[in-house]
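Letters A, B, ... mirror the listed sequences (proteins, then strands); counts begin at 1.
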Number of protein chains: 2
Amino acid sequence: MPRKLSTLDPQRLDSQICFAVYSAAHAFNRVYKPLLDRLGLTYPQYLVMLVLWERDDVPVKDIGEKLFLDSGTLTPLLKRLEAAHLVKRTRSSEDERQVLIALTPQGHALKEKARGVPPSILAATDCSVSELVAMKDEIVALRDRLNAVIGE
Amino acid sequence: MPRKLSTLDPQRLDSQICFAVYSAAHAFNRVYKPLLDRLGLTYPQYLVMLVLWERDDVPVKDIGEKLFLDSGTLTPLLKRLEAAHLVKRTRSSEDERQVLIALTPQGHALKEKARGVPPSILAATDCSVSELVAMKDEIVALRDRLNAVIGE
DNA sequence: TCACATTTAATTGTTCGCAATTGAATGTGG
DNA sequence: CCACATTCAATTGCGAACAATTAAATGTGA
């Protein structure tokens, strides 16, 4: 009598935390989209801008380490940000292998326009800040354990 | 004296739950990759197979509703699964607008080969099942609230 | 110094993910 | 019954995401 086991079946879609994370990421993306459209940014471009608003004039590699992305993703993305006049890309003179990414005045200015984004997202989650912080910390811990397994 | 506020700054990358979810999704993907390579599947293809292993002979729309994906994503993906001889795509005779997706014998057989995937993922998370279930339920609830906002 | 490994970005090719549009089939109101 | 709207899948175009490779600059050991 294998009844009621279906909800525990590890091969069921709804049992899988990974699908929960995957589908939540897409849901976030859809909420961000109209907000970021006004800034002329995609979500990954917004992430790069967040990094640069914290610290400017950084090599591509540093951005990649913070966002867990490689040059195959970042190079074309940064070229689009450059085409949008938000960043400048210049070869480092000390180490010619590195390309340094710096904000333009427009890139700096966009930070003010983007100030309304996090509150809008917070409202959409319909959660308290403390709940979100707790969830975020759990998810980050999980992510870091997964990333630790990869580097084996 | 705006000191120590940086960790609470909503415009900081590390404050954002969305980045936690985004980067966790990518971390999961990297853990799944070597496991799914052996099955000849990508992660989204694996999700479609999970749906079909639960219920066969379903229209594209139903798959899309379960996975939150549209025909722009699913049509080419399903064609690849068909080219890999895992599914058949046939127009419904009752409603010629629908395309029904059915597993081939190889598609059915793959379920057995895929049985080892969830335990491997579980091991990689280094979490107890009950912890994961609790996190999963929280994330699903968050996702559903976000999706509710979109349909406004 | 010189051969060799390492680091860094860029490039190529494949697969998602989605917006917008198209076209065919079906449903509905008058 | 017929004009019209709706539904469904397919298509087009663009921007990620990543594996694999390339090329140039830098570091290292003999």
Whether [X] contacts [N] is assessed here as follows: a side-chain N or O lying under 4.0 Å from the phosphate OP1 or OP2. Is that the case?
{"X": "B/Lys79", "N": "D/dT11", "answer": "yes"}
{"X": "B/Tyr43", "N": "C/dT15", "answer": "no"}
{"X": "B/Arg89", "N": "D/dA10", "answer": "yes"}
{"X": "B/Thr75", "N": "D/dA10", "answer": "yes"}
{"X": "A/Arg30", "N": "C/dG17", "answer": "no"}

| message | Please determine whether any donor N or O and acceptor N or O are separated by less than 3.5 Å between the side chain of B/Ser71 and the base of D/dA10. | response |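 By the distance-only test, yes, there is a pair.
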
| Note, A/Arg30 side chain near A/Lys33 side chain (heavy atom, < 4.5 Å) |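 A/Arg30 does not reach A/Lys33 side chain to side chain.
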
[X] [atom1] to [N] [atom2]: how many Å, rounded?
{"X": "B/Leu100", "N": "C/dA25", "atom1": "CG", "atom2": "C1'", "result": "14 Å"}
{"X": "B/Asn29", "N": "D/dA16", "atom1": "CG", "atom2": "C1'", "result": "13 Å"}
{"X": "B/His26", "N": "C/dT15", "atom1": "NE2", "atom2": "P", "result": "19 Å"}
{"X": "B/Leu36", "N": "C/dT14", "atom1": "CG", "atom2": "P", "result": "20 Å"}
{"X": "B/Phe28", "N": "D/dA17", "atom1": "CZ", "atom2": "P", "result": "17 Å"}
{"X": "B/Leu74", "N": "C/dT15", "atom1": "CG", "atom2": "P", "result": "15 Å"}
{"X": "A/Glu82", "N": "C/dA10", "atom1": "CD", "atom2": "P", "result": "10 Å"}
{"X": "B/Ile101", "N": "D/dC8", "atom1": "CD1", "atom2": "C1'", "result": "12 Å"}

| message | Could you measure the distance from the CD1 atom of A/Ile121 to the CG atom of B/Leu146? Nearest 0.5 Å is fine. | response |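 So the CD1 of A/Ile121 and the CG of B/Leu146 are separated by 8.0 Å.
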
| query | For the atom pair CZ (A/Arg97) and CZ (A/Arg91), what is the distance rounded to the nearest 0.5 Å? | reply |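 Going from the CZ atom of A/Arg97 to the CZ atom of A/Arg91 covers 10.5 Å.
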
| query | Where along residues 90-99 of chain B does a heavy atom come under 4.0 Å from DNA chain C, residue by residue in number order? | reply |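 Here the set is B/Glu94, B/Asp95, B/Glu96, B/Arg97.
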
| field | Touch class at under 4.0 angstrom, heavy-atom based, for B/Thr42 against every strand present | value |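 Sugar-phosphate only.
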
| task | For A/Leu77, report the nucleic acid contact type (base, sugar-phosphate, nothing); a contact means any heavy atom under 4.0 Å. | result |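 Answer is sugar-phosphate: A/Leu77 comes under 4.0 Å of backbone atoms only.
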
Whether [X] and [Y] hold their rings parallel, tilted or perpendicular, with breakpoints at 30° and 60°:
{"X": "A/Trp53", "Y": "A/Tyr46", "value": "perpendicular"}
{"X": "A/His26", "Y": "A/Tyr22", "value": "perpendicular"}
{"X": "B/Phe68", "Y": "A/Phe19", "value": "parallel"}

| task | Using a strict 4.0 Å threshold on nitrogen-to-oxygen distance, state whether B/Arg55 and B/Asp62 make a salt bridge. | result |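 Yes.
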
| Which residues, if any, of residues 54-70 of chain B bring a heavy atom under 4.0 Å of DNA chain D? |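 Result for residues 54-70 of chain B: B/Pro59, B/Val60, B/Lys61, sorted by number.
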
| Taking atom NE2 of B/His85 as the centre, does the number of heavy atoms from other residues, nucleotides or ligands within less than 6.0 Å exceed 12? |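 Open.
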
| query | If you look at every heavy atom in A/Ala20 and B/Lys136, which pair is closest and at what distance? | reply |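 Scanning both residues completely, I find the closest heavy atoms to be CB-CG, 3.9 Å.
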
| request: Locate the shortest heavy-atom distance separating B/Asn147 from A/Ala27; write the atom from each residue and the value. | output: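 Between these two residues, the closest heavy atoms are OD1-CB, 3.6 Å.
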
